[in-house]
Colleague: 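Please find one structure pasted underneath; my questions will follow.
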Amino acid sequence: MAIHPTTLIDSKAEVDSSVEIGPFCVIGPNVKIGADSVIKSHVVINGHTTIGSNNEIYQFASVGEANQDKKYKGEPTQLVIGDNNVIRENATIHRGTVQDNGITLIGNNNLFMASTHVGHDCIVGDNNILANFAALAGHVTVGDFVILGGYTGIHQFCQVNSFSMCGMGSMVAKDVPRYVMVSGTPAKAHGMNFEGMRRRGVPSDVIRALRTAYKTVYLKGLTLEAALLELEQGDMIHIPEVAEYVLSIRHSKRGIVR
């Protein structure tokens, strides 16, 4: 284990022998860090925090610290982080609260750029990019392959569904459906992430179907319920991507960005 002599690791922490930890880090007593992870320098990892394998955490990040919910009274809530994540400078990721499930959960292969924030009780899936200063309030759910532009703010309890994209400086106070691009303050929908679909090899006929589905919800002047019924009763609902798009709207509790 390559640990700089200025780093403080509690004797109760569980750190894999392959982990590298740079100078002036603090690792708390209930922390577990998996194989081949690299903790650069001046990083504080606290609380009941479990970090998987092959993660990189850069200087001045704060991981697993007590959340900023005024109802929090020091309960032993958790932060669990998967594998292959990159957490850049000054990022903050907080553990959960007992008012929710008591856990903040981060998946795999995510990039948290400098000064990003993940609040208490958030669930972040896999392969997401949070650009500089993007912030998730408490209880936010982010799917997979989501891109949040710099300075994006996501309101508490919102869902940002898979393959969606939020432009720089977006203030998102409602749910973002699957595949949809939003931007602005407050955020409004601006089409679907078709270029991202092409890069991932989504067939052109599926993209055409999703384009039609988007127009049905956003551009035909229908109520949301009427638009969903039209899609659910049509042939396109048998295309899995269209069905997933419709479900992401059906499952919304806050209403969608429209």
Colleague: How long is the span from the SG atom in Cys122 to the CD1 atom in Ile93, to the nearest 0.5 Å?
Modeller: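 Interatomic distance, Cys122 SG to Ile93 CD1, rounded to 0.5 Å: 10.0 Å.
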
Colleague: Hey, could you give me the CZ/CG distance between Phe145 and Asn161, rounded to the nearest 0.5 Å?
Modeller: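 With rounding to 0.5 Å, CZ (Phe145) is 15.0 Å from CG (Asn161).
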
Colleague: Taking Tyr72 for the side chain and Glu75 for the main chain, is one N or O donor matched with an acceptor at less than 3.5 Å?
Modeller: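 Such a contact is found between Tyr72 side chain and Glu75 backbone.
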
Colleague: Taking all atoms of both residues into account, what is the closest heavy-atom pair of Asp121 and Gly102, and its distance?
Modeller: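 Reported closest heavy-atom pair: OD1-N, 3.8 Å.
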
Colleague: Decide yes or no for Tyr179 and Tyr214: does some side-chain heavy atom of the first lie under 4.5 Å from some side-chain heavy atom of the second?
Modeller: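 Counting from C-beta outward, Tyr179 and Tyr214 never come under 4.5 Å.
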
Colleague: Should Ile81 and Ile103 be regarded as members of a common hydrophobic cluster, given that ILVMFWY residues are connected when their side-chain heavy atoms come within less than 4.5 Å of each other, either directly or indirectly?
Modeller: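 Different hydrophobic clusters.
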
Colleague: Just verifying a value: how many Å separate His120 NE2 and His94 NE2, rounded to the nearest 0.5 Å?
Modeller: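 If we round to the nearest 0.5 Å, His120:NE2 and His94:NE2 are 9.5 Å apart.
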
Colleague: Can you give me the closest heavy-atom contact between Asn67 and Gly96, atom names plus distance?
Modeller: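 Between these two residues, the closest heavy atoms are ND2-O, 2.9 Å.
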
Colleague: Is there a donor-acceptor contact under 3.5 Å linking the side chains of Asn54 and Asp83?
Modeller: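 Asp83 and Asn54 do not have a side-chain donor-acceptor pair below 3.5 Å.
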
Colleague: Establish, for the pair Arg178 and Phe163, whether the NZ or CZ atom is under 6.0 angstrom from the six-membered ring centre and no further than 45 degrees off its axis.
Modeller: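 That pair does not qualify as a cation-pi contact.
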
Colleague: Taking all atoms of both residues into account, what is the closest heavy-atom pair of Val19 and Gly34, and its distance?
Modeller: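 Looks like CG2-O, 3.1 Å.
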
Colleague: Please answer: with hydrophobic residues joined when any side-chain heavy atoms are less than 4.5 Å apart, are Phe60 and Leu8 in the same cluster?
Modeller: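 Different hydrophobic clusters.
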
Colleague: Would you indicate whether Asp205, at its atom CG, is surrounded by more than 12 heavy atoms from other residues, nucleotides or ligands within a distance under 6.0 Å?
Modeller: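 Yes, enclosed.
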
Colleague: Kindly say whether Gly22 contributes a backbone atom to a donor-acceptor pair with the side chain of Thr7 at under 3.5 angstrom?
Modeller: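 Yes; judged by distance alone, with no hydrogens or angles, the pair exists.
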
Colleague: Is there a path of hydrophobic side-chain contacts, each under 4.5 Å between heavy atoms of I, L, V, M, F, W or Y residues, that connects Leu247 with Val206?
Modeller: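 As far as the 4.5 Å side-chain criterion goes, Val206 and Leu247 are not connected within one cluster.
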
Colleague: Kindly say whether Gly107 contributes a backbone atom to a donor-acceptor pair with the side chain of Asn85 at under 3.5 angstrom?
Modeller: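 Checking the backbone N and O of Gly107 against the side chain of Asn85, a donor-acceptor pair under 3.5 Å is found.
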
Colleague: Go through it in stages, so that I can follow the logic: the residues are Leu224 and Val217, the test is side-chain contact (heavy atoms from CB on, under 4.5 Å), and I'd like the CA-CA distance, side-chain angles, deciding distance and then a yes or no.
Modeller: CA-CA 6 Å; Leu224 185 58; Val217 172; 3.9 Å; yes

Colleague: Report the C-alpha separation of Arg88 and Phe112 in whole Å, then their side-chain angles, then the decisive distance to 0.1 Å, and conclude whether the side-chain contact (heavy atoms from CB on, under 4.5 Å) test is met.
Modeller: CA-CA 6 Å; Arg88 293 302 303 248; Phe112 301 91; over 6 Å; no

Colleague: If I compare all heavy atoms of Leu79 with all of Arg95, which pair ends up nearest, and what's the gap?
Modeller: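 Looks like N-CB, 4.0 Å.
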
Colleague: Could you tell me the separation between the OG1 atom of Thr216 and the CG atom of Leu210, rounded to the nearest 0.5 Å?
Modeller: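 Going from the OG1 atom of Thr216 to the CG atom of Leu210 covers 11.0 Å.
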
Colleague: Does atom CZ (Phe194) have a neighbourhood of more than 12 heavy atoms from anything else shown, all under 6.0 Å?
Modeller: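 Yes, CZ of Phe194 has more than 12 neighbouring heavy atoms, counting only those of other groups under 6.0 Å.
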
Colleague: Spell out, as yes or no, whether a donor-acceptor pair under 3.5 Å connects the side chain of Ser252 to the backbone of Ile249.
Modeller: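 No.
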
Colleague: I want to check something: taking the side chain as every heavy atom from C-beta on, are Phe24 and Gln59 in contact at a cut-off of under 4.5 Å?
Modeller: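 A side-chain contact under 4.5 Å is absent here.
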
Colleague: Taking Gln159's backbone N and O only, do any of them form a donor-acceptor pair with Asp175's side chain (distance below 3.5 Å, no angle check)?
Modeller: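 Between the backbone of Gln159 and the side chain of Asp175 there is a qualifying donor-acceptor contact (under 3.5 Å).
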
Colleague: Is there a side-chain contact between Ile256 and Lys174 (heavy atoms, below 4.5 Å)?
Modeller: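 Not touching, per the 4.5 Å side-chain cut-off.
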
Colleague: Is it true that Val31 and Val26 fall in one hydrophobic cluster, defined by side-chain heavy atoms closer than 4.5 Å?
Modeller: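 Looking at the clustering, Val26 is in a separate group from Val31.
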
Colleague: For the pair Asp144 (side chain) and Gly125 (backbone), establish whether a donor and an acceptor sit closer than 3.5 Å, ignoring hydrogens and angles.
Modeller: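 Such a contact is absent between Asp144 side chain and Gly125 backbone.
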
Colleague: So, taking the atom named CZ in Arg258 and the one named OH in Tyr218, what distance separates them when rounded to the nearest 0.5 Å?
Modeller: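 Output value for this atom pair is 7.5 Å.
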
Colleague: Run the side-chain donor-acceptor check on residues 40-52: report pairs under 3.5 Å with partners two or more places apart or on a different chain.
Modeller:
from  : atom 1 : to    : atom 2 : distance (Å)
Asn46 : ND2    : Glu65 : OE1    : 3.2
Thr49 : OG1    : Asn46 : O      : 2.5

Colleague: What closest approach, in Å, do Asn55 and Gly82 show between heavy atoms, and which atom pair accounts for it?
Modeller: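 The pair with the smallest heavy-atom distance is ND2-O, 2.9 Å.
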
Colleague: Any Lys/Arg nitrogen of Lys71 or Asp69 sitting under 4.0 Å from an Asp/Glu carboxylate oxygen of the other?
Modeller: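 So Lys71 pairs with Asp69 through a salt bridge.
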
Colleague: Please round to the nearest 0.5 Å and tell me the distance separating atom OG of Ser170 and atom CD1 of Ile154.
Modeller: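 Going from OG on Ser170 over to CD1 on Ile154, the span is 7.5 Å.
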
Colleague: Is it the case that the side chains of Asn128 and Asn110 hold a donor-acceptor pair, with the cut-off being a distance below 3.5 Å and no angle test?
Modeller: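 Note: Asn110 and Asn128 side chains meet the donor-acceptor criterion.
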
Colleague: For the residue pair Lys253 and Phe157, establish whether any side-chain heavy-atom pair is separated by less than 4.5 Å.
Modeller: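 Side-chain contact under 4.5 Å: no.
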
Colleague: Quick one: does Leu231's side chain get under 4.5 Å of Met236's, heavy atoms only?
Modeller: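 With C-beta onward as the side chain, the pair touches.
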
Colleague: Between Arg250 and Glu225, does the salt bridge (Lys or Arg N to Asp or Glu O under 4.0 Å) criterion hold? Intermediate values first, please.
Modeller: CA-CA 9 Å; Arg250 279 288 185 205; Glu225 181 62 24; 2.8 Å; yes

Colleague: Would you say Leu130 and Leu148 make side-chain contact, with heavy atoms under 4.5 Å?
Modeller: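 Leu130 vs Leu148: side chains touch.
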
Colleague: Do Val146 and Val202 share a hydrophobic cluster (ILVMFWY, side-chain heavy atoms under 4.5 Å, transitive)?
Modeller: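 Val146 clusters together with Val202.
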
Colleague: Check Ile129 against Met113 and note the closest heavy-atom contact, atom names and distance.
Modeller: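 In terms of heavy atoms, the two residues are closest at CG2-CE, 3.9 Å.
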
Colleague: Indicate yes or no: at least one non-hydrogen side-chain atom of Val172 is less than 4.5 angstrom from one of Val257.
Modeller: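 Contact flag for Val172/Val257 side chains = yes.
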
Colleague: Identify every side-chain donor-acceptor pair in residues 132-141 under 3.5 Å, counting partners at least two apart or on other chains, and give the distances.
Modeller:
from   : atom 1 : to     : atom 2 : distance (Å)
His139 : ND1    : Asp100 : OD2    : 2.6

Colleague: Do NZ/NE/NH1/NH2 and the carboxylate oxygens of Arg200 and Glu195 come within less than 4.0 Å?
Modeller: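 Judged by the 4.0 Å cut-off on N to carboxylate O distance, Arg200 and Glu195 do not form a salt bridge.
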
Colleague: Any side-chain heavy atom of Glu241 within less than 4.5 Å of one from Met197?
Modeller: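 Side chain of Glu241 against side chain of Met197, heavy atoms only: no contact under 4.5 Å found.
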
